[in-house]
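Working notes, beginning with the structure itself.
Indexing begins at 1, ligand by ligand and atom by atom, following the structure's order. Throughout, numbering of the chain's residues begins at 1 and tracks the sequence.
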Amino acid sequence: MRRYGKHTDEDDVRVRPNRKGNRPRTSIRPKHEDAAEGLVLTVDRGRLTVLVEDRTIVAMKARELGRKSAVVGDRVAVVGDLSGAKDTLARIVRVEERSSVLRRTADDDDPYERVVVANADQLAIVTALANPEPRPRLIDRCLVAAYDAGLEPLLVLTKSDLASAETLMESYGSLGMPYVVTNREELANGDAADRVRERLTGRVTAFVGHSGVGKTTLVNALVPDRQRATGHVNRVTGRGRHTTTSALALPLPDGSGWVIDTPGVRSFGLNHVDPARVIHAFPDLEPGTEGCPRACSHDEQDCALDQWVADGHADPQRLYSLRRLLATRERREGD
Ligand SMILES: Nc1nc2c(ncn2[C@@H]2O[C@H](COP(=O)(O)OP(=O)(O)O)[C@@H](O)[C@H]2O)c(=O)[nH]1
Ligand SMILES: [Mg+2]
Ligand SMILES: [Zn+2]
């Protein structure tokens with residue numbers, strides 16, 4: 001039986017003027033005023049674990065979001081069953097504006113960029129001093145990605161029980177970025193977590209790096225009660241996997257920040273990064289580019305930076321670092 005018969009007064013149905021041949025719109029879209037705010041903790045094949053107040057709920061993208069997707073760290077609006085009870089599925093109807101977007105492409109010539117993490121403000125670049133060997137090119141790539149996304153970099157050097165940090169710091173010390181060195185013993189006695197935690201207060205920090213460098217070990221040391229903090233996550237991504245297959249946001253125990261564990265990366269494709277933007281990560285060198293030819297890449301013969309630095313305006317190591325970062329954008333090598 002039809003609900004509205006021919007007795008319905010025409011004036012009761014509000015019909016938008018039929019412009020440009022559009023179908024008249026008779027239904028008023030719900031505005032989702034009842035939607036709750038949530039934070040995406042992890043994504044697993046279309047299922048998102050979302051923290052709503054103190055509950056973790058499982059949700060999927062509402063169709064109305066179209067191709068727009070929510071990623072770990074996103075602030076979202078969710079509707080539907082928000083109880084967090086087993087087998088319930090809520091819907092994400094809105095992705096709030098992001099304060100930052102960390103992207104990567106699989107390769108430099110890969111046109112498909114993916115958003116790794118949203119709303120982070122710090123990028124912890126985790127590198128083992130041995131096993132696996134440090135890969136400076138990968139560090140450089142992560143640095144470019146961090147600068148491009150507006151994240152502050154933090155260098156975390158793990159496994160100093162296996163090799164010294166000295167050689168690596170000879171080249172990275174001059175970048176002037178903060179760094180922390182950790183080892184097996186300090187992981188056990190809590191010193192490693194304490195030292196890293198100092199750098200995490202009040203921030204959302206994404207941990208990236210090659211597989212096996214110790215990201216998950218460190219994150220677990222920072223968030224000992226990982227199981228409880230993630231609630232339903234295990235039900236979604238479970239199956240006893242030991243490797244990290246999806247990024248996962250975890251709150252620091254004292255509520256002073258968030259850490260995001262990510263799967264290992266073999267490379268950090270930078271196809272999406274405009275090389276012209278790299279210089280902005282070097283405010284100490286930027287004034288020296290005034291004498292550069294138009295559209296200078298700062299990695300060419302006529303670049304004014306060489307003379308400017310030779311005149312003593314900046315540390316030559318900084319120019320070397322800039323050139324190395326620019327070169328990673330041009331070079332394609334297996335990191
Ligand atoms: N010797 C040593 N091994 C470590 C250290 N940190 C982590 N590991 C080991 O490195 C391996 C890989 O760690 P994992 O946290 O899974 O690395 P991820 O792939 O970066 O998440 C594990 O066997 C850890 O026990 C460290 O400081 N020293
Ligand atoms: Mg891991
Ligand atoms: Zn230049």
Below the 3.5 angstrom mark, is there an N/O of G214, backbone or side chain, next to an N/O of ligand 1?
yes
Taking the Zn ion (ligand 3) as the apex, C296 SG and C303 SG span an angle, rounded to 10°, of 110°
Is D194 paired with R197 through a side-chain N to carboxylate O contact shorter than 4.0 Å?
yes
Flag T216 as yes if one of its N/O/S atoms falls below 2.8 Å of the Mg ion (ligand 2), otherwise no.
yes
Which is it for D261 and ligand 1 at heavy atoms under 4.0 Å: side chain, backbone, both or neither?
neither
Report, in ascending order of atom number, the atoms of ligand 1 lying under 4.0 Å from any heavy atom of D161.
1 (N), 2 (C), 26 (C), 27 (O), 28 (N)
Nearest heavy-atom approach of A249 to V40 is CB-O, 4.3 Å
Taking side chain as C-beta onward, heavy atoms only, is L155 less than 4.5 Å from V180?
no
Could you tell me whether T158 and ligand 1 have an N or O pair separated by under 3.5 Å?
no
Could you tell me, atom by atom, which parts of ligand 1 come under 4.0 Å of a heavy atom of T217?
7 (C), 13 (O), 14 (P), 15 (O), 24 (C)
Donor + acceptor pair across side chains of S83, D81 (<3.5 Å)
yes
Heavy-atom contact under 4.0 Å between G209 and ligand 1?
no
For N183, the atoms of ligand 1 under 4.0 Å from one of its heavy atoms are 27 (O)
Got a salt bridge between E152 and R203, using NZ or NE/NH1/NH2 to carboxylate O under 4.0 Å?
yes
Hey, is R75 close enough to E37 for a salt bridge, meaning N to O under 4.0 Å?
no
Atom indices of ligand 1 within 4.0 angstrom of K215 heavy atoms, with elements
15 (O), 17 (O), 18 (P), 19 (O), 20 (O), 21 (O)
Which atom of G73 lies closest to which atom of N119, heavy atoms considered:
O-ND2, 2.8 Å
Distance-only N or O hit between ligand 1 and V213, under 3.5 Å:
yes
Using a 4.0 Å heavy-atom cut-off, which part of L218 comes near ligand 1: side chain, backbone, both, or neither?
neither
Is any N or O atom of T182, backbone or side chain, closer than 3.5 Å to an N or O atom of ligand 1?
no
If you check every N/O/S atom of H298, which is the one nearest the Zn ion (ligand 3)?
ND1
Would you say R94's side chain and V76's backbone share a donor-acceptor pair under 3.5 angstrom?
no
Does any N or O of ligand 1 fall below 3.5 Å from an N or O anywhere on G212, backbone included?
yes
Verify whether one side chain among S256 and T201 offers a donor that lies under 3.5 Å from an acceptor in the other.
no
Between S297 and E300, does any side-chain donor sit less than 3.5 Å from a side-chain acceptor?
yes
